[in-house]
Novice: 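The following block contains the structure, expressed as structure tokens.
None of these values were measured; they are calculated from a predicted model.
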Amino acid sequence: MAFYGRTTRREMIRKCGIGLLGSPLLALWNLEKTNSPTGSDLGSPYQGTDDQLLDEIQRAAFDFFWNEASPVTGQVKDRALAKGNDSRLMSSIAATGFGLTGLCIAHQRGYGKSADIVKRVGNTLRFVLNQMPHQHGFFYHFVDMNSGQRWEKCELSSIDSSLLLCGVLTARQYFADQEIKDLATKIYERVDWPWMLNGGSTLSMGWKPDSGFLDARWEHYCELMMIYLLAIGSPTYPVSADTWRAWSRPKISYQGINYISGNDPIFTHQYSHAWFDFRGKHDAYTNYFDNSVKATKAHKLFCLSLHDRFPDYSEDLWGISASDYVNGYTAWGGPPPQGPIDGSVVPCATGGSLPFLFDDCMRVQRTMRARFGGKVWQRYGFVDAFNPLTNWYDPDVLGIDLGITMLMAENHRTGFVWQTFMKNPEAKAAMLKAGFQSD
């Protein structure tokens, strides 16, 4: 979950979950077609194979997770300069969760020295268990990467703690090191999931020491599936499987595509799928993998429908998700239109959807790499967002956006993250309790 000032990604989504007509940037919808990139602007086609580009993307992401983290605490920065040499100290526990999984991928693929990676994972888990401030096993959304102390007045976050736990449990299953296994188990089994229910039927989004539980709850379909499955599967402090049925599943129909979705950006159809393998399975409501395929198709069609206003959107270039934009950080996407859509492109929108609609999403990844060169591709891979119509290119990358792309690229290539994470007996048990069956 990215952060600007004291606004978290989820707070941004709740505040910005309005139609585009309410946007102060509506005037940008009137950009003329003459602003479209011309033939002279186009770079040479990317010459490598799809697999070669995915490997470049993953190696660059690993470079971020390795360099922009404390080697002592293992805490990964929320964001950093795309060129590297960043001096900021704010870490995101969600980025650390993606980073732990990224270290598993890197170890498997030989991106770094085996002993060094094992040591970094051990340092991370040891710090999380013994030194990171927590309440009932949940962690603060943002912390100082060196001390682990709460950053300003951010919340204790149930979703970001879950993203961290997914990385912790992936490391537990992948590494043979017994200390890593023991540390990971203790971190997961310490979490008091019923406490986060706060007397309700759905989980709270978080808690603050000065004001208590947040009013917002995880009560409609989004990235929440991982939270409930981790909670249901807990061997120490589980919640009832009834919580799986307590959240709503609103339906959207767009250009003949019918699927479950909240009024949220496309990342909500990606995050839980990075670890939990929903392929070939369904509960009483749907096959969630197929549902994300439909959501990705609908999102592509939505972007293409904006071509007359934003001529950069095409079969070769599309995708918007919660990200940076020229004025800061925002939640945007569609359908329906959400946020100050201005023709920007967000690489992780297609990068995080690679397993769902590979050919279409990979076409965008190849286009960005070839057409815009060093404007969008730097030390850590693709910048977080860019707008070719206004010549704006984000100087930053975000750990969670690099992370979802790295993990989903690996899942498409080998299924490694799915295979590793689903070895956790708690994950299997939770899906059974939630009512999942083979298709």
Side-chain angles (χ1 to χ4, degrees), residues 1-3 8-10 61-80 86 88-107 112 116-135 137-151 154-175 180 183-184 186-188 190-191 206 223 226-227 230 267 271-272 274-275 348 380 396-407 417 420-421:
M1 301 297 153
F3 178 84
T8 66
R9 175 185 285 239
R10 264 292 147 197
F62 167 65
D63 203 20
F64 168 85
F65 287 122
W66 189 257
N67 293 322
E68 304 300 339
S70 165
V72 177
T73 70
Q75 301 311 297
V76 178
K77 291 181 183 179
D78 176 59
R79 60 172 60 236
D86 189 274
R88 285 168 282 193
L89 297 176
M90 189 178 76
S91 167
S92 155
I93 60 169
T96 301
F98 278 113
L100 280 169
T101 309
L103 292 178
C104 297
I105 295 170
H107 188 276
D116 291 345
I117 292 175
V118 172
K119 181 179 179 181
R120 176 70 63 87
V121 172
N123 287 349
T124 305
L125 298 182
R126 208 173 296 114
F127 183 82
V128 168
L129 179 66
N130 298 323
Q131 295 178 256
M132 278 262 284
H134 71 93
Q135 293 289 336
F138 292 93
F139 300 99
Y140 288 103
H141 190 161
F142 302 104
V143 300
D144 182 288
M145 65 183 291
N146 295 320
S147 69
Q149 294 300 307
R150 179 190 184 194
W151 192 271
C154 73
E155 84 286 10
L156 196 83
S157 172
S158 53
I159 179 59
D160 295 282
S161 293
S162 296
L163 288 161
L164 174 59
L165 289 169
C166 284
V168 167
L169 292 176
T170 305
R172 182 180 76 171
Q173 292 304 316
Y174 175 70
F175 291 102
I180 286 176
L183 290 168
K186 290 176 181 177
I187 292 168
Y188 176 47
R190 182 175 62 182
V191 182
E223 72 272 32
M226 71 175 77
I227 314 177
L230 288 170
F267 82 86
Y271 275 22
S272 289
W275 291 277
C348 70
Y380 297 139
D396 280 359
V397 292
L398 271 64
I400 55 175
D401 293 346
L402 293 178
I404 190 60
T405 301
M406 182 185 192
L407 271 58
V417 182
T420 303
F421 182 81

Novice: Can you find a pair of side-chain heavy atoms, one from L156 and one from Y140, that are under 4.5 Å apart?
Specialist: yes

Novice: Any side-chain heavy-atom pair from L100 and T170 closer than 4.5 angstrom?
Specialist: no

Novice: Using side-chain heavy atoms (C-beta onward) and a distance below 4.5 Å, is M226 in contact with L165?
Specialist: no

Novice: Looking only at heavy atoms, what is the nearest atom pair of A184 and R172, with distance?
Specialist: CB-CB, 3.5 Å

Novice: Nearest heavy-atom pair of R120 and P71: which atoms, and what distance?
Specialist: NE-CA, 3.6 Å

Novice: Has the side chain of K77 got a donor or acceptor atom that lies under 3.5 Å from a matching backbone atom of R88?
Specialist: yes

Novice: When you compare the side chain of E68 with that of D63, does any pair of heavy atoms fall below 4.5 Å?
Specialist: no

Novice: Under a 3.5 Å distance rule, please check whether T405 uses its side chain to pair with a backbone N or O of C348 as donor and acceptor.
Specialist: no

Novice: Among T96, T73, I93, which one satisfies side-chain contact (heavy atoms from CB on, under 4.5 Å) with M132?
Specialist: I93

Novice: If you compare all heavy atoms of A69 against all heavy atoms of G74, which two are closest, and at what distance to 0.1 Å?
Specialist: CB-O, 4.2 Å

Novice: Looking at every non-hydrogen atom in both residues, tell me the closest pair between D401 and Y271 and how far apart they are.
Specialist: OD1-OH, 4.0 Å

Novice: Taking all non-hydrogen atoms of both residues into account, name the closest pair between R79 and D86 and its distance.
Specialist: O-OD1, 4.1 Å

Novice: I'd like to know if the side chain of N146 reaches the main chain of S70, judged simply by a donor and an acceptor atom lying under 3.5 Å from each other, with no hydrogens or angles considered.
Specialist: no

Novice: Quick one, I404 and F267 - any side-chain contact, counting heavy atoms below 4.5 Å?
Specialist: no

Novice: Specify the closest pair of heavy atoms between I180 and A171, including all atoms of both residues, with the distance to one decimal.
Specialist: CG2-O, 3.8 Å

Novice: Ignoring hydrogens and geometry, is there a side-chain-to-backbone donor-acceptor pair from Y174 to L103 under 3.5 Å?
Specialist: no

Novice: Tell me yes or no: between the side chains of R126 and N123, is some donor less than 3.5 Å from an acceptor?
Specialist: yes

Novice: For the pair R150 (side chain) and P133 (backbone), establish whether a donor and an acceptor sit closer than 3.5 Å, ignoring hydrogens and angles.
Specialist: no

Novice: If we only count heavy atoms from C-beta on, is the F64 to M406 side-chain gap below 4.5 Å?
Specialist: no

Novice: Just say parallel, tilted or perpendicular for the rings of F98 and W275, cut-offs at 30° and 60°.
Specialist: tilted

Novice: Would you say that L169 contacts L230 through its side chain, given a criterion of any heavy-atom pair below 4.5 Å between the two side chains?
Specialist: yes

Novice: Would you check if the side chain of S272 reaches a backbone N or O of E223 as a donor-acceptor pair within less than 3.5 Å?
Specialist: yes

Novice: Output yes when a side-chain donor or acceptor of S91 lies under 3.5 Å from a complementary backbone atom of V76, and no otherwise.
Specialist: yes

Novice: Are W66 and D116 close enough that some pair of their side-chain heavy atoms sits under 4.5 Å apart?
Specialist: yes

